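Quick notes on the structure that follows.
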Amino acid sequence: GAVVSQHPSWVICKSGTSVKIECRSLDFQATTMFWYRQFPKQSLMLMATSNEGSKATYEQGVEKDKFLINHASLTLSTLTVTSAHPEDSSFYICSAREPPGLPYEQYFGPGTRLTVT
Amino acid sequence: DAKTTQPNSMESNEEEPVHLPCNHSTISGTDYIHWYRQLPSQGPEYVIHGLTSNVNNRMASLAIAEDRKSSTLILHRATLRDAAVYYCILRDWTGGGADGLTFGKGTHLIIQP
């Protein structure tokens with residue numbers, strides 16, 4: 001099946017700094033990628049939809065100026081958490097789907113655990 | 001996406017079959033039933049999906065009620081590696097899968113050796 005990777009797998013940063021998380025589709029082209037956030041013992045929450053070559057669409061309540069998303073190529077989307085605070089500590093997971101016409105399952109990355117101190 | 005209801009947790013023994021139920025009484029005619037699972041500290045992985053007929057793949061089987069208001073994910077012979085949170089999700093196929101997934105709380109499956 002299709003493979004999605006994320007880098008880094010974990011990161012610790014200081015409050016006020018920015019962190020960039022990469023999401024790559026390794027063996028397929030992904031016109032659309034999704035970013036999710038998961039707090040401990042909770043379910044995944046969709047943050048935003050990332051479309052190649054256009055602006056991301058953010059879910060209600062997600063600050064677009066804080067969570068910058070760039071989808072510059074068909075295999076790479078990045079999420080930058082700007083001016084991170086301890087409450088941003090979470091498990092960030094991306095997913096990608098193949099172009100329309102193929103099975104609609106989404107392929108998820110392994111996740112990035114962010115800890116802000 | 002329409003709402004689904006799953007038990008919070010279930011327990012089973014290794015090498016025995018597991019039946020994970022999901023209720024979706026408000027399902028529409030254009031909703032596919034998808035199942036994903038999430039192993040500890042990992043991203044979710046696709047398990048199976050179906051529309052009306054029962055489906056089988058190498059991971060599991062999906063039994064869909066005739067009225068489509070409920071479904072059951074069947075793991076034929078559970079292993080310790082199947083311990084995960086299982087999510088039942090409805091997806092409207094008319095959207096072409098362009099939307100992100102809406103995850104409920106899922107069922108935490110515990111496998112006893």
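Every value quoted in this text rests on a predicted model; they were computed, and no experiment measured them. To find a chain, count down the sequence lines: A is the first, B the second, and so on, and within it residues start at 1.
- Following chains of ILVMFWY side-chain contacts shorter than 4.5 Å, one can reach B:Tyr86 starting from B:Leu62, so the two form part of one hydrophobic cluster.
- For chain B, the nearby part of A:Ile93 is the side chain; its heavy atoms alone come within less than 4.5 Å.
- In terms of heavy-atom pairs under 4.5 angstrom with chain B, the leader among A:Met33, A:Met45, A:Gln38, A:Gln42 is A:Gln38.
- Cluster membership check: B:Phe103 does not share its hydrophobic cluster with A:Trp35, using side-chain heavy-atom separations under 4.5 Å among Ile, Leu, Val, Met, Phe, Trp and Tyr.
- Around atom CG of B:Asp67, more than 12 heavy atoms belonging to other residues, nucleotides or ligands sit under 6.0 Å away.
- Contact between A:Leu46 and B:Leu101 at its shortest, heavy atoms only, is CB-O, 4.2 Å.
- Considering all non-hydrogen atoms of both residues, B:Gly104 and A:Ser43 come closest at O-OG, 2.5 Å.
- Shortest non-hydrogen contact noted between A:Leu44 and B:Pro44 is CD2-CG, 3.7 Å.
- Taking hydrophobic clusters as Ile, Leu, Val, Met, Phe, Trp and Tyr residues chained together by side-chain heavy-atom distances below 4.5 Å, B:Met10 shares a cluster with B:Ile48.
- Atom NZ of A:Lys41 sits about 8.5 Å away from atom NE2 of B:His108, to the nearest 0.5 Å.
- A:Leu79 and A:Leu76 are members of different hydrophobic clusters when ILVMFWY side chains are connected at heavy-atom separations under 4.5 Å.
- By the criterion of side-chain heavy atoms lying less than 4.5 angstrom apart, applied directly or through intervening Ile, Leu, Val, Met, Phe, Trp or Tyr residues, B:Ile74 is not grouped with B:Leu80; the two fall into different hydrophobic clusters.
- Under a 3.5 Å cut-off, the side chain of B:Tyr46 and the backbone N or O of A:Phe108 do not form any donor-acceptor pair.
- Listed here is the closest heavy atom pair of B:Gln42 and A:Phe91: O-CE2, 3.8 Å.
- Taking 4.5 Å as the heavy-atom cut-off, none of the residues of residues 61-71 of chain A approach chain B.
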Just list the side-chain donor-acceptor pairs under 3.5 Å for residues 110-117 of chain A, sequence neighbours left out, or say none.
from     : atom 1 : to      : atom 2 : distance (Å)
A:Thr112 : OG1    : A:Gln6  : NE2    : 3.1
A:Thr112 : OG1    : A:Pro8  : O      : 2.6
A:Thr117 : OG1    : A:Cys13 : O      : 3.3

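- The 12-atom threshold is not exceeded at CD of B:Glu66, counting heavy atoms of other residues, nucleotides or ligands nearer than 6.0 Å.
- For NE2 of A:His7, the number of neighbouring non-hydrogen atoms (other residues, nucleotides, ligands) closer than 6.0 Å is 12 at most.
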